[in-house]
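Presented below is the structure to which this report refers.
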Amino acid sequence: MQKRMIGKSGIRVNPVGLGCMGFSHAYGYAMDEQETITVLRQAQEMGYDFFDTAEVYKGTLADGRLSWNEEVVGEALAPVRQQVVIATKMGIRINPDQSLSTDARPEAIRKSLEGSLKRLGTDYLDVYYQHRIDPAVEPEVVADTMARLIQEGKIRARGISEANEDYLRRANAVCPVAAIQNRYSMMARWHENLFPVCEELGVSFVAFSPMANGFLTGKYTKAGQFTDKKDYRSKMPQFTAEGEEKGKQLLELLQELADQKKVSMGQLSLAWMLCKKPYIIPIPGSRKVSRLKENFEAAQVSLSPEEISRIDRALDQMELPVFGGSKLVSK
């Protein structure tokens, strides 16, 4: 399996990374911490070497205790720290109504970094992302802070989540951006306009929600099945009756192509982006070992340029409602 470079950082990872958010955040009760540690270690043993978390990923366990994603990820990977790449994020606060407030001031970045290092049990981060653009702080100011953290040896590379072209260019001019992490899937293609910019600047595109929060696996087609208010999917448009109806054509196309390739629908949707660009690194997540194995093996599925173009042309004709992200509000 050929590794992919994270920008120009010199950091190489396998083509499919692991988004760790769902173990403890956004999908109902947090998973039991010891079970999570077991699953994460099994994931590393099967080949995962790129693990993504964030300081705001936390949730409530069934017994009422708070579970920090970074703490669990750090404990799970401590025995193999030198063999894995850990990415985390700073710069947002999640409000009670699930809206987001941003804070990317230099002092806030440093405070967040020290907290993440402590929770992860490490003295450096491989990739450190600005979780969302802060309209109150210029990109050059954030970039200068990140450059200083790289010089200090506290981070190896920096990234930006939900980046746009102007912000990326301005930030990269001060401190090279190794990766952007944006929402991307067959149902969320609005960031494809950044592909030429990524190629020009040598920036990797880390794709989060690459299967539209599970919709593209074809396993969640019963409208209203997510009744737990702690599960963000209960409010996502693709999981409503209308979303199910509008997405039916896409699922049928996926099933047809997956049957032809003798792979799962989820693997087909990941292969579509992996084969499209060599700098795309999807980071799907799951609590199930069998699903993690399936996702990782998607890197072995080959799609030709013609097959990808056929899928893209079909997608162009579809109206696909999908969750686009939480609302940003003023501080």
Side-chain angles (χ1 to χ4, degrees), residues 1-4 6 11-28 30-53 57 69 72-87 126 181 184-187 204 206-221 231 233 251 254-276 278 280-303 307:
M1 186 176 291
Q2 187 172 0
K3 289 182 179 282
R4 298 193 171 195
I6 298 180
I11 302 172
R12 294 180 179 274
V13 295
N14 283 322
V16 178
L18 178 54
C20 299
M21 180 191 77
F23 288 110
S24 52
H25 179 78
Y27 289 165
M31 185 175 173
D32 177 83
E33 291 179 331
Q34 287 305 312
E35 290 182 17
T36 299
I37 289 169
T38 297
V39 171
L40 285 168
R41 288 178 177 172
Q42 287 180 296
Q44 190 273 330
E45 289 169 1
M46 72 175 67
Y48 281 96
D49 58 3
F50 185 27
F51 296 81
D52 181 271
T53 181
Y57 294 165
N69 196 261
V72 181
V73 170
E75 183 175 348
L77 301 179
V80 292
R81 179 64 184 96
Q82 301 304 313
Q83 302 168 40
V84 297
V85 172
I86 297 177
D126 297 291
Q181 184 183 131
Y184 186 53
S185 71
M186 288 184 176
M187 300 179 75
S204 292
V206 176
F208 73 86
S209 297
M211 291 184 284
N213 300 98
F215 185 85
L216 295 175
T217 66
K219 305 296 184 182
Y220 305 104
T221 55
D231 192 327
R233 290 171 294 185
L251 293 182
L254 266 176
Q255 186 67 69
E256 174 194 342
L257 296 174
D259 288 345
Q260 291 175 7
K261 295 286 183 178
K262 294 182 173 55
V263 298
S264 71
M265 294 167 66
Q267 287 177 319
L268 197 288
S269 65
L270 291 173
W272 165 79
M273 63 178 68
L274 285 166
C275 296
K276 179 176 285 194
I280 294 178
I281 305 169
I283 50 169
S286 179
R287 295 181 176 187
K288 298 179 180 178
V289 173
S290 59
R291 187 76 69 207
L292 293 177
K293 185 175 186 295
E294 178 184 313
N295 293 343
F296 189 74
E297 291 176 350
Q300 300 172 12
V301 180
S302 178
L303 292 177
E307 289 171 321

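In this chain, residues are counted from 1 in sequence order. None of the values given here were measured: they were computed from a predicted structure.
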Open item on the list: Could you walk me through whether Leu257 and Glu307 satisfy the side chain to side chain contact (heavy atoms under 4.5 Å, CB included) test, starting with their C-alpha distance in whole Å, then the side-chain angles of each, then the deciding distance to 0.1 Å, before giving a yes or no?
Closed with: CA-CA 9 Å; Leu257 296 174; Glu307 289 171 321; over 6 Å; no
- [ ] For side chain to side chain contact (heavy atoms under 4.5 Å, CB included), just list the numbers for Tyr48 and Asn14, CA-CA rounded to whole Å, side-chain angles, deciding distance to a tenth of an Å, and then say yes or no.
- [x] CA-CA 7 Å; Tyr48 281 96; Asn14 283 322; over 6 Å; no
Open item on the list: Would Phe208 and Asp52 count as a side chain to side chain contact (heavy atoms under 4.5 Å, CB included) here? Give the steps.
Closed with: CA-CA 10 Å; Phe208 73 86; Asp52 181 271; over 6 Å; no
- [ ] Decide yes or no on side chain to side chain contact (heavy atoms under 4.5 Å, CB included) for Leu18 and Leu40, but give the supporting numbers first.
- [x] CA-CA 9 Å; Leu18 178 54; Leu40 285 168; 3.8 Å; yes
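Within 6.0 Å of NZ in Lys261 there are more than 12 heavy atoms belonging to other residues, nucleotides or ligands. Environment of CD in Gln2: sparse, with no more than 12 heavy atoms of neighbouring residues, nucleotides or ligands closer than 6.0 Å.
The pair Arg287-Asp32 does not count as a salt bridge, with every side-chain nitrogen at least 4.0 angstrom from each carboxylate oxygen.
One distance of note links CE of Met265 with NZ of Lys219; it measures 8.5 Å at 0.5 Å rounding. Considering CZ of Phe51 and CG of Leu77, their distance stands at 5.0 Å, rounded to 0.5 Å. Atoms CE and CZ, on Met187 and Phe215 in that order, are 5.0 Å from each other to the nearest 0.5 Å. Between Ile37 atom CD1 and Glu35 atom CD the span is 10.5 Å, to the nearest 0.5 Å. Taking CE from Met211 and CG from Leu254, the interatomic distance works out to 11.0 Å, rounded to the nearest 0.5 Å.
When Ile283, Val84, Val206, Val85 are each tested for a side-chain contact (heavy atoms from CB on, under 4.5 Å) with Val13, only one passes: Val85.
Taking 4.5 Å as the limit, some side-chain heavy atom of Pro210 sits within range of a side-chain heavy atom of Pro284. Put simply, the side chain of Val73 does not reach to within 4.5 Å of the side chain of Tyr57, judged on heavy atoms. Put simply, the side chain of Thr217 does not reach to within 4.5 Å of the side chain of Ser264, judged on heavy atoms. Proximity of Val289 to Met46: side-chain heavy atoms (C-beta onward) are separated by under 4.5 Å at one or more points. Residues Ile280 and Leu274 are not in side-chain contact: their nearest non-hydrogen atoms beyond the backbone lie 4.5 Å or more apart. A 4.5 Å side-chain heavy-atom check between Ser24 and Thr36 finds every atom pair outside the cut-off. Between Asn213 and Tyr27, some side-chain heavy-atom pair lies under the 4.5 Å cut-off.
Between the side chain of Tyr184 and the backbone N or O of Met273, no donor-acceptor pair lies under 3.5 Å. Looking at Asp126, its side chain does come within 3.5 Å of a backbone N or O of Ile86 through a donor-acceptor pair. Counting only distance, with no hydrogens or angles, the side chain of Ser286 and the backbone of Lys288 share a donor-acceptor pair below 3.5 Å. Although no hydrogens or angles enter the test, the distance criterion places no donor-acceptor pair under 3.5 Å between the side chain of Asn69 and the main chain of His25. At least one donor-acceptor pair under 3.5 Å links the side chain of Arg41 to the backbone N or O of Ala76.
Shown here for Ala271 and Leu303, the closest heavy-atom pair between the two residues is C-CD1, 3.8 Å. Closest heavy-atom contact between Ile6 and Ser204: CA-OG, 3.4 Å. The shortest heavy-atom contact between Gln83 and Asp49 is O-CB, 4.0 Å. For Glu294 against Gln267, the heavy-atom pair with the smallest separation is O-NE2, 3.0 Å. Minimum interatomic distance between Ala43 and Leu292 (heavy atoms only, all atoms of both residues): CB-CD1, 4.1 Å. Across every non-hydrogen atom of Leu268 and Ala258, the tightest pair is CG-N, 4.2 Å.
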